[in-house]
Amino acid sequence: MTEKLHLTPDDDFPEDLSKVEDRELQVLDSQVQRQLDYEYVADGEPNPETEFRHYDLDEEFSERDKRDA
C-alpha cells in the first residue's frame with residue numbers, strides 16, 4: 001500500500017475491497033477522503049473516479065458493520 005496522504009484517480013485501487021484488511025481499508029478511506037477534499041477545493045467538484053471509490057469504500061464499511069453485528 002502506498003504511503004501517500006491522498007489517492008489520485010490514476011493511482012491503483014483494489015478491485016475487491018472485501019479482501020482488504022480492516023486497517024488498510026481505513027487508510028484507503030482516508031486517502032480517498034483527502035483526495036475528495038482536494039478536488040472540491042482545487043476543481044470545485046470531485047473526479048467521478050474518486051466519487052466511485054468513496055462510494056465503494058462506504059459500501060464495504062457498511063457490509064463489514066453488518067457482518068460484525
Side-chain angles (χ1 to χ4, degrees):
M1 182 64 46
T2 181
E3 294 299 323
K4 294 171 54 175
L5 294 178
H6 57 87
L7 198 67
T8 70
D10 294 327
D11 290 332
D12 289 337
F13 190 78
E15 287 187 35
D16 186 356
L17 291 175
S18 69
K19 296 181 179 181
V20 177
E21 298 285 332
D22 287 348
R23 185 178 179 109
E24 229 178 291
L25 194 70
Q26 291 170 341
V27 170
L28 274 174
D29 185 55
S30 177
Q31 290 171 320
V32 169
Q33 185 60 55
R34 286 177 182 270
Q35 182 65 24
L36 271 176
D37 293 345
Y38 170 78
E39 290 170 2
Y40 274 115
V41 170
D43 304 327
E45 63 184 12
N47 181 295
E49 182 63 25
T50 305
E51 276 189 310
F52 291 134
R53 290 175 175 188
H54 186 252
Y55 175 79
D56 287 346
L57 285 161
D58 283 348
E59 288 294 305
E60 181 60 27
F61 279 118
S62 291
E63 282 301 311
R64 290 183 188 203
D65 283 344
K66 289 177 191 173
R67 288 190 298 246
D68 290 341

What pair of heavy atoms forms the shortest contact from V20 to L25, and how long is it? CG1-N, 3.6 Å
Please list, chain by chain and in numerical order, all residues satisfying salt bridge (Lys or Arg N to Asp or Glu O under 4.0 Å) with D22, sequence neighbours excluded. R64
Heavy-atom donor-acceptor pair, S62 side chain to D58 backbone, under 3.5 Å: yes
Answer yes or no: are there more than 12 heavy-atom neighbours, outside F13 itself, under 6.0 Å from its atom CZ? yes
If you round to the nearest 0.5 Å, how far is CG of L57 from CD of Q31? 10.0 Å
If you compare all heavy atoms of V32 against all heavy atoms of L7, which two are closest, and at what distance to 0.1 Å? CG2-CD2, 4.1 Å
Might you point out which heavy atoms bring D12 and R53 nearest each other, and give the distance in Å? C-NH2, 4.4 Å
Quick one: are L5 and S30 in side-chain contact, heavy atoms under 4.5 Å? no
For the CG atom of D43 and the OG1 atom of T50, what is their distance to the nearest 0.5 Å? 9.5 Å
Please evaluate residues Q33 and D37 with respect to the criterion side chain to side chain donor-acceptor pair (under 3.5 Å), reporting the C-alpha separation (whole Å), side-chain torsions for both, the decisive distance (0.1 Å), and the verdict. CA-CA 6 Å; Q33 185 60 55; D37 293 345; 3.1 Å; yes
Tell me which one of E39, E49, Q35 satisfies side chain to side chain contact (heavy atoms under 4.5 Å, CB included) with T8. Q35
In terms of side-chain heavy atoms, does E51 have a donor or acceptor partner in N47 at a distance below 3.5 Å? no
Any heavy-atom pair between the side chains of E60 and S18 that's under 4.5 Å? yes
